[in-house]
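Atoms within each ligand, like the ligands themselves, are counted from 1 in listed order.
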Amino acid sequence: MADPTPDAWRRVDRYLTDTLVGQDAALDAAVAAQDDAGLPSIEVAPVAGKLLHLLARISGARRVLEIGTLGGYSTIWLARGIPADGRVTTIEAEPRNADIARANLDRAGVGDRVEIRQGRAEDVLPTLVGTFDLVFIDADKESNTLYLEWAARLGHPGTVVVVDNVGRSGEVADPDASASNVVGTRRGLEMLGADPRFDATALQTLDRKGWDGVAIAVLTDVVDATDDLIDP
Ligand code: DHB
Ligand code: MG
């Protein structure tokens, strides 16, 4: 059996992607437009995008909140996982990213069910109304605990919460790693483990983006009981 070298895991990622995800013109075009515009190539891998899509379908999500749009790649996956009359609200701090995402979403045919809120998430989140059935957190890692707090506040028992990039090439468990994004990621995971409003796990991932991880949680029925007490 092959060692888990980068070559081997990328081969497996390609195999899984080819076998289970396949080619997709709208998603390819979204990545191409994002690359052409010079945005960083940090969108979720295809297999991870499909995981988001499946989580939306499995949970029957109608309202989805995404924090961190980038070029809208994961947004397309999420939007395809909800009914035509559902809604994805996605928050993006960079106006240029938001413009590219708008074009990508419209080209993919899901623009009518996606609202892009351009602004800093910490400013936009307090303005959101209603509840969300799925929340995907994929923005500045320093704010993960704040975003989880908002996920608890804007969700309901049963809401699915997903956090990207929780492995960070192993840095998350490296005692010498003290960069602010690693510390923020760790604090988020510790909150997911300790806060009774969340029931969570996390999986390491090896895909075309390298060694990382994804946390998945569900909001418990403690959410309703604490709603009045939360002041993020
Ligand atoms: C980074 C952010 C991401 O959301 C990601 O998926 C990969 C890397 C980063 O900030 O380095
Ligand atoms: Mg990410």
### Shortest non-hydrogen contact between Ser59 and Leu134, atoms and distance
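In this case the closest contact between Ser59 and Leu134 is OG-CD1, 4.3 Å.
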### Query
Of Val88, Asp24, Leu52, which meets side chain to side chain contact (heavy atoms under 4.5 Å, CB included) against Arg80?
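Output: one option passes, namely Asp24.
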### Query
Any nitrogen or oxygen of Asp212, main chain or side chain, under 3.5 Å from a nitrogen or oxygen of ligand 1?
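For ligand 1, there is no N or O atom that lies under 3.5 Å from one belonging to Asp212.
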### Task
Would you check whether Ile42 has a nitrogen or oxygen atom less than 3.5 angstrom from a nitrogen or oxygen atom of ligand 1?
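Yes; at least one N/O pair falls below 3.5 Å.
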#### Entry: Arg168, Lys141, Glu43: member with heavy atom nearest to atom 11 (O) of ligand 1
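Residue with the shortest heavy-atom distance to the ligand atom: Arg168.
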### Message
Test of understanding: with side chain to side chain donor-acceptor pair (under 3.5 Å), list the residues that count as partners of Ser41, not counting sequence neighbours.
### Response
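Applying side chain to side chain donor-acceptor pair (under 3.5 Å) to Ser41 gives Asp35.
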### Arg107 and Asn104: CA distance, side-chain angles, deciding distance, side-chain hydrogen bond (donor to acceptor under 3.5 Å, both in side chains) verdict
CA-CA 5 Å; Arg107 194 191 302 108; Asn104 282 337; 2.9 Å; yes
### Query
Got the closest protein heavy atom to atom 3 (C) of ligand 1, with its distance?
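Going atom by atom, the protein heavy atom closest to atom 3 (C) of ligand 1 ends up being Asn165 OD1, 3.0 Å.
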### Task
With the Mg ion (ligand 2) at the centre, find the angle made by OD2 from Asp164 and OD1 from Asp138, to 10°.
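An angle of 100° at the metal.
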### Interfacing atoms of ligand 1 (cut-off 4.0 Å, heavy-atom, Lys209)
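Numbered from 1, ligand 1 contributes 5 (C), 6 (O), 7 (C).
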### Message
Suppose I only count heavy atoms of Asp164 and a 4.0 Å limit; which atoms of ligand 1 are within that range?
### Response
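What qualifies from ligand 1 is 6 (O).
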### From CA spacing to verdict: salt bridge (Lys or Arg N to Asp or Glu O under 4.0 Å), Asp13, Arg208
CA-CA 6 Å; Asp13 180 65; Arg208 69 176 58 173; 3.5 Å; yes
### Message
Can a donor-acceptor pair be found, under 3.5 Å and without considering hydrogens, that links the side chain of Thr220 to the backbone of Pro196?
### Response
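Between the backbone of Pro196 and the side chain of Thr220 there is a qualifying donor-acceptor contact (under 3.5 Å).
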